[in-house]
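Everything on this sheet refers to the single structure shown next.
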Amino acid sequence: MKKILITGGMGFIGSHLCDRLINNGHDVLCVDNLFTGDKQNIYHLLGNPRFEIIRHDITFPLYVEVDEIYNLACPASPIHYQLDPVQTIKTSVHGAINMLGLAKRLKAPIMQASTSEVYGDPKIHPQIEEYWGHVNPIGIRSCYDEGKRAAETLFFDYHRQHGLVIKIARIFNTYGPNMHINDGRVVSNFIVQAIKNLPITIYGDGNQSRSFCYVDDLVSAIDCFMQTPEEVTGPINLGNPHEITILNLAKLIISISKSSSKIIYKAAVEDDPRNRCPDISLAVKKLKWKPTVTLENGLERTIAYFTNLLDKN
Ligand code: NAD
Ligand code: UDP
């Protein structure tokens, strides 16, 4: 049994990771400033003696004693990370420095929740870890993309300079229960619109593509990655290589939810990556992992979650 720190533990992915690590028998310390996180996501864990919470902003130093760190704190939805871009880049950079400093003092392995956004609007497809990316350094997504790139640099510098055990997970679009209802990301937007029979809003022509990974698969990958030998530092792409256009995603969600929603087109968003799909060969080889939940099945579970949530409100 280990004492494990999860930053961003009240967020979408973080809350699932709290569940997973508690179920694995560990003590979990969840640190979150509740910027995009929700107490409801971890409410069921509150009475558990192996679960603790600290409300804290990781751009400030943190002094705790743990055996392992998962650094997930950072808003992930474009509308949220663009609300306060300076805070977003501070969370990635100052937050990484603080968490790496903590890991260094404790000699604790540390995982970084990096992102496919480090590839920007990629010129090679599918994306492999060796690709350095195609990122606008001064655009409206840059606070997130460049922040995450700088965080990867910091992780490697602490690894080379101080011998830290690091794991860099490049997470591709993930979806599932506990996504924020007003999160603004495509899966939650389309599902909520479909359930309410409201127009489904496609930004641009809908031919842009993404590859969506169900959160249980992603959390399994994160869990496997942390257990790999020290020399497995990553970066490793984690995601589901099943690629779909945004238009086809809209049609699929309408069909599964038996919605009468119509599709409407809105202006494309600035710097919106055209195509995104992970090459997961490295994850398959190093983690002995691959995603198992189909898009249809994952969407059914997510639609059931949002239907239940909307019924309660
Ligand atoms: P989320 O917004 O649901 O969760 C982020 C959590 O971090 C929230 O609980 C928020 O309150 C907390 N947080 C933000 N800034 C903080 C700060 N300064 N100090 C402490 N806590 C802070 O997002 P998510 O989808 O769960 O993403 C989790 C991590 O995974 C993020 O680092 C994100 O960049 C990464 N990621 C997610 C996806 C995805 O598709 N969901 C894809 C790539 C990478
Ligand atoms: N998108 C859309 N309608 C929405 C929300 C998003 O068409 O209501 C598009 C968005 O422009 C992008 C894709 O869906 O092309 C994925 O967007 P999201 O914000 O979920 O994640 P991203 O992969 O862009 O970070």
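Throughout, numbering of the chain's residues begins at 1 and tracks the sequence. Values reported hereafter were calculated over all heavy atoms of this structure, with side chains retained and with hydrogens, waters and symmetry mates removed.
- Here Arg20 does not pair with Asp216 in a salt bridge; the nearest charged N to carboxylate O distance is not below 4.0 Å.
- Using a 4.5 Å heavy-atom threshold, the side chains of Tyr175 and Val186 count as separate.
- When the shell of 6.0 Å around CD of Glu230 is examined, it contains 12 or fewer heavy atoms from other residues, nucleotides or ligands.
- Heavy-atom neighbours of Tyr43 OH from other residues, nucleotides or ligands within 6.0 Å: at or below the threshold of 12.
- Listed for the Asn33 side chain is no donor-acceptor partner under 3.5 Å among the backbone atoms of Ile58.
- Interatomic distance, Met226 CE to Met111 CE, rounded to the nearest 0.5 Å: 5.0 Å.
- In the hydrophobic clustering of this structure, Tyr214 groups with Leu218; members are Ile, Leu, Val, Met, Phe, Trp, Tyr whose side-chain heavy atoms approach within less than 4.5 Å, directly or through other members.
- Shortest non-hydrogen contact noted between Gln208 and Asp272 is NE2-OD2, 3.6 Å.
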Could you go step by step and tell me if Thr59 and Gln87 meet the side-chain hydrogen bond (donor to acceptor under 3.5 Å, both in side chains) rule? CA-CA 9 Å; Thr59 62; Gln87 171 66 10; 4.5 Å; no
Apply side-chain hydrogen bond (donor to acceptor under 3.5 Å, both in side chains) to residues Asn240 and Asp217 and explain how you reach the verdict. CA-CA 9 Å; Asn240 188 322; Asp217 279 334; 4.9 Å; no
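- If you chain together hydrophobic residues whose side chains sit under 4.5 Å apart, Leu287 and Ile128 never meet in one group.
- Counting heavy atoms from C-beta outward, Ile166 and Gln112 have side chains that stay 4.5 Å or more apart.
- Under the 4.5 Å side-chain heavy-atom criterion for Ile, Leu, Val, Met, Phe, Trp and Tyr, Leu249 and Val269 are members of distinct hydrophobic clusters.
- In this structure, CG in Leu164 is found 6.0 Å from CG in Leu100, a value given to the nearest 0.5 Å.
- Summarising the local packing, NZ of Lys196 is surrounded by 12 or fewer heavy atoms from other residues, nucleotides or ligands at distances under 6.0 Å.
- Proximity of Lys288 to Cys224: side-chain heavy atoms (C-beta onward) are nowhere separated by under 4.5 Å.
- Grouping the Ile, Leu, Val, Met, Phe, Trp and Tyr side chains by contacts below 4.5 angstrom, directly or via other members, places Ile171 apart from Tyr144.
- Taking CG of Asn71 as the start and CD1 of Ile110 as the end, the distance is 5.5 Å to the nearest 0.5 Å.
- Taking the six-membered ring for Trp and thresholds of 30 and 60 degrees, His162 and Tyr158 have ring planes inclined between 30 and 60 degrees apart.
- Between Met1 and Arg50, the shortest heavy-atom contact is SD-CD, 4.2 Å.
- Annotation for Val31 and Leu62: closest pair CG2-CD2, 4.0 Å, computed over non-hydrogen atoms.
- The closest donor-acceptor contact from the side chain of Ser255 to the backbone of Lys251 lies at 3.5 Å or more, if one exists at all.
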Starting from the C-alpha separation in whole Å, work towards a yes-or-no answer on side chain to side chain contact (heavy atoms under 4.5 Å, CB included) for Phe12 and Asn41. CA-CA 8 Å; Phe12 160 50; Asn41 289 343; 5.5 Å; no
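- The heavy-atom pair separating Leu247 from Ile263 by the smallest distance is CD1-CD1, 3.8 Å.
- Asn178 places no side-chain N or O within donor-acceptor distance of the main-chain N or O of His16, the cut-off being under 3.5 Å.
- In the displayed structure, His242 atom NE2 is contacted under 6.0 Å by more than 12 heavy atoms of other residues, nucleotides or ligands.
- Looking at heavy atoms from C-beta onward, Arg141 lies out of side-chain contact with Asn136 at the 4.5 angstrom threshold.
- What you find for Arg276 and Asn173 is that their closest heavy atoms are NH1-OD1, 2.7 Å.
- Classification of Glu152 and Arg149 as a salt-bridged pair fails, no side-chain N sitting under 4.0 Å from a carboxylate O.
- Note on ring orientation: taking the six-membered ring where Trp is involved, the planes of Tyr131 and Tyr119 are parallel (angle under 30°, cut-offs 30° and 60°).
- A heavy-atom distance below 4.5 Å is found between the side chains of Leu252 and Glu296.
- When atom types are taken as modelled, the side chain of Asn308 and the backbone of Ala304 share no donor-acceptor pair closer than 3.5 angstrom.
- In this structure, CD1 on Ile22 lies 10.5 Å from CG on Leu17, to the nearest 0.5 angstrom.
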Apply the test salt bridge (Lys or Arg N to Asp or Glu O under 4.0 Å) to residues Asp32 and Lys39: give CA-CA distance (whole Å), side-chain angles for both, the deciding distance (0.1 Å), then the verdict. CA-CA 10 Å; Asp32 204 299; Lys39 280 186 203 154; over 6 Å; no
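- Proximity of a side-chain donor or acceptor of Thr7 to a complementary backbone N or O of Ala73 within less than 3.5 Å is detected.
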Could you walk me through whether Ile246 and Tyr203 pass side chain to side chain contact (heavy atoms under 4.5 Å, CB included), step by step? CA-CA 9 Å; Ile246 295 304; Tyr203 305 152; over 6 Å; no
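- Side-chain contact, His125 with Glu243: a donor N or O sits under 3.5 Å from an acceptor N or O.
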Could you walk me through whether Lys148 and Asp145 pass the salt bridge (Lys or Arg N to Asp or Glu O under 4.0 Å) test, one step at a time? CA-CA 5 Å; Lys148 290 283 189 179; Asp145 300 6; over 6 Å; no
Start with the C-alpha distance between Cys18 and Leu45, add both sets of side-chain angles, then the distance that settles side chain to side chain contact (heavy atoms under 4.5 Å, CB included), and finish with yes or no. CA-CA 9 Å; Cys18 288; Leu45 291 173; 3.8 Å; yes
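- Judged purely by atom type and a 3.5 angstrom limit, His26 uses its side chain to pair as donor or acceptor with the backbone of Lys2.
- The backbone N or O of Ile280 sits nowhere less than 3.5 Å from a side-chain atom of Lys290 that would complete a donor-acceptor pair.
- In this structure a side-chain-to-backbone donor-acceptor pair under 3.5 Å is present from Asn23 to Asp19.
- Side-chain atoms of Phe156 and Ile168, non-hydrogen and from C-beta on, do get closer than 4.5 Å to each other.
- Between Phe190 and Ile202 the shortest side-chain heavy-atom distance falls below 4.5 Å.
- Put simply, the side chain of Ser188 does not reach to within 4.5 Å of the side chain of His180, judged on heavy atoms.
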Kindly indicate, with the supporting measurements, whether the criterion side-chain hydrogen bond (donor to acceptor under 3.5 Å, both in side chains) is fulfilled by Gln82 and His80. CA-CA 5 Å; Gln82 287 163 14; His80 285 143; over 6 Å; no
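- Thr174 contributes a side-chain N or O that, together with a main-chain N or O of Phe172, makes up a donor-acceptor pair within less than 3.5 Å.
- Listed here is the closest heavy atom pair of Arg170 and Val118: NE-CG2, 3.4 Å.
- Met10 and Leu72 end up in the same hydrophobic cluster when Ile, Leu, Val, Met, Phe, Trp and Tyr side chains are linked at under 4.5 Å.
- With Ser92 contributing its side chain and Ile89 its backbone, the two residues share no donor-acceptor pair below 3.5 Å.
- Among residues two or more places apart in sequence or in another chain, the side chain to side chain donor-acceptor pair (under 3.5 Å) test is passed with Asp38 by none.
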Take Tyr81 and Cys74 through the test side chain to side chain contact (heavy atoms under 4.5 Å, CB included) and record every step on the way to the result. CA-CA 8 Å; Tyr81 69 65; Cys74 187; 5.7 Å; no
